[in-house]
Amino acid sequence: MIKTLYFSINTLNDASDGADDALLINADRFIAMGPAGTTQTTAMYFLDRANTGAAETIITLTHDAGRSIEVMEDVCEAMSGEPRDGFIVIADPSSGDFCSPYISAAELTQL
Amino acid sequence: MRDKYLYFGLNAAGTEAFDNHTAQTVQLTTGFVNPIPVGTDYLANGGAKVTVTYNANHTYGTAYTATSGEIDITAGCTIHATSALITIATAAADPVYGWTKSSTGSENNLDVTQLKPYDTGDGYVYNSKYLTGVSVAGATTTALHFQGKTGDVGATHDLDTITVTHGSAKNKEFIQELTDVIADDNKVSGMVVVRDDMRDLNLSAQNASVIASVAQTATAS
């Protein structure tokens, strides 16, 4: 099964009216995840979506203070799921759909 | 075989001591963790605990019944949204969870201890898919090599190395404990703690390899 992870980025309204408003990335490209330097952020690191070989795709999740460990547990639980269509929503603030009750937003960094 | 998500808690808990303290507030500094914690829910969400060494000249809320040792008074504490100033409710203001300091400063010894990770590098989850190899690093250490989280790949690629410290000559036991988890599609799901230095958690209850700590180095290509 090909599993994919869906994020809408920094938008509380329309997730499809601008470049990079949303991102679907193959779950196979997920490398690592960890607290991101504040009590309210956790970063997910992926192999670069453009496959340039010397870059990275980072999604930073915003969440309740001190909840990084719970967010990581919830994200891992979601990624371990096997939905029939392989479509796994991690954070979609545009529709209020999150894999964790503590997540409120997602931000994309493309290096 | 499905991917497994392996957690390594790398940093020990941050702590800050406030001995001989004369105020009903404590101001966390970067000596606790750098950066200081933010968010008014940080304490309520279990991010840290505030404890005080019992003294008969303190006044305690009814929730606290111990008359010796360290008393966890976190329930009576609030933290500022951005400055990390912790205010402790007095027992008069909060008869249940409050605490009132002694008028003698030398009788007020408080500690704040981190309970959950938040700083960059406090801990990482790695996808077992990117575990590229495991090697013995020494009699008491085994190195786990992962694709670097920087994502750099190609002729040379970044490498993240997790070094697990365990009992002497227990390398093989540790590797087998790890591969048992990675290979088990029936019982293993979600995030698996391999070692968490902050919470003192280990891979298995048996802990045959006597895991003691973990560290990480990142090598750029």
Side-chain angles (χ1 to χ4, degrees), chain A residues 1-3 5 25-82 99-102 104 109-111, chain B residues 2-11 33-48 79 81 84 114-127 129-130 146-158 160 188-193 196 198-199 216 221:
Chain A
M1 172 192 288
I2 295 176
K3 291 195 277 191
L5 309 178
I25 192 164
N26 193 316
D28 272 359
R29 301 189 77 78
F30 169 73
I31 304 170
M33 170 170 52
T38 78
T39 58
Q40 296 162 325
T41 52
T42 295
M44 299 180 69
Y45 303 88
F46 295 89
L47 289 178
D48 178 39
R49 60 177 167 161
N51 200 27
T52 57
E56 60 193 296
T57 298
I58 301 172
I59 298 286
T60 302
L61 303 170
T62 300
H63 51 75
D64 293 352
R67 292 293 193 185
S68 184
I69 199 82
E70 288 90 344
V71 165
M72 290 192 286
E73 288 172 344
D74 290 344
V75 169
C76 290
E77 195 63 41
M79 292 193 297
S80 298
E82 296 189 345
C99 72
S100 169
Y102 307 116
S104 58
T109 303
Q110 186 65 48
L111 299 175
Chain B
R2 293 195 302 265
D3 296 341
K4 306 300 186 300
Y5 303 108
L6 309 173
Y7 180 74
F8 303 90
L10 301 169
N11 288 341
V33 177
N34 189 4
I36 57 173
V38 298
T40 54
D41 293 336
Y42 175 67
L43 292 178
N45 289 342
I79 187 168
Q114 182 184 14
L115 298 177
K116 292 180 180 177
Y118 71 85
D119 191 14
T120 303
D122 269 354
Y124 289 105
V125 172
Y126 279 91
N127 188 345
K129 177 186 182 71
Y130 293 106
F146 290 91
Q147 157 69 47
K149 55 189 168 298
T150 56
D152 285 3
V153 297
T156 59
H157 61 269
D158 287 1
D160 286 354
V188 178
S189 180
M191 188 176 95
V192 178
V193 175
D196 186 345
M198 187 173 293
R199 297 181 292 169
Q216 183 202 50
S221 57

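Just the heavy atoms: all of them, side chains too, but no hydrogens, waters or symmetry mates, feed the values below.
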Could you report the tightest heavy-atom contact between [X] and [Y], atom names first, then the distance?
X       : Y       : answer
P35(A)  : P117(B) : CG-CB, 3.9 Å
G190(B) : S80(A)  : N-OG, 2.9 Å
V125(B) : C76(A)  : CG1-SG, 3.8 Å
G39(B)  : A65(A)  : CA-CB, 4.0 Å

Under 4.5 Å to a heavy atom of chain B? For D28(A) that would be both
Report which part of A27(A) has an atom under 4.5 Å of a heavy atom belonging to chain B: side chain, backbone, both, or neither.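 Backbone only.
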Supply the atom-to-atom distance [X] [atom1] to [Y] [atom2], rounded to the nearest 0.5 angstrom.
X      : Y       : atom1 : atom2 : result
E73(A) : M191(B) : CD    : CE    : 4.5 Å
Q40(A) : Y42(B)  : CD    : OH    : 11.5 Å
D41(B) : T39(A)  : CG    : OG1   : 9.5 Å
S68(A) : K116(B) : OG    : NZ    : 9.5 Å
T38(A) : Y118(B) : OG1   : OH    : 9.0 Å

Keeping the roles fixed (side chain from N127(B), backbone from A32(A)), state whether a donor-acceptor pair exists under 3.5 Å. no
Residue selection (most heavy-atom pairs with chain B, distance under 4.5 Å) from I69(A), T57(A), D64(A):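 Max contact count across the listed options: I69(A).
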Does some side-chain heavy atom of Q147(B) sit less than 4.5 Å from a side-chain heavy atom of L47(A)? yes
Find out whether Y124(B) and M33(A) are in side-chain contact, i.e. whether some heavy atom of one side chain is under 4.5 Å from a heavy atom of the other. no
Is any NZ, NE, NH1 or NH2 atom of the basic residue among E56(A) and K149(B) found under 4.0 Å from an Asp or Glu carboxylate oxygen of the other?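 Looking at E56(A) and K149(B), the cut-off is not met.
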Check each atom of Y130(B) against the heavy atoms of chain A and say whether the ones under 4.5 Å are side chain, backbone, both or neither.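 Only the side chain of Y130(B) comes within 4.5 Å of chain A.
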Which atoms of F8(B) approach chain A - backbone, side chain, both or neither, heavy atom under 4.5 Å: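 When you check distances to chain A, no heavy atom of F8(B) falls under 4.5 Å.
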Which is it for Y5(B) and F30(A) under the ring-ring contact (aromatic ring centres under 6.0 Å, His included) test, yes or no, and what are the steps along the way? CA-CA 10 Å; Y5(B) 303 108; F30(A) 169 73; 5.8 Å; yes
Options N45(B), D196(B), V33(B), I36(B), ranked by heavy-atom pairs under 4.5 Å with chain A, top entry: N45(B)
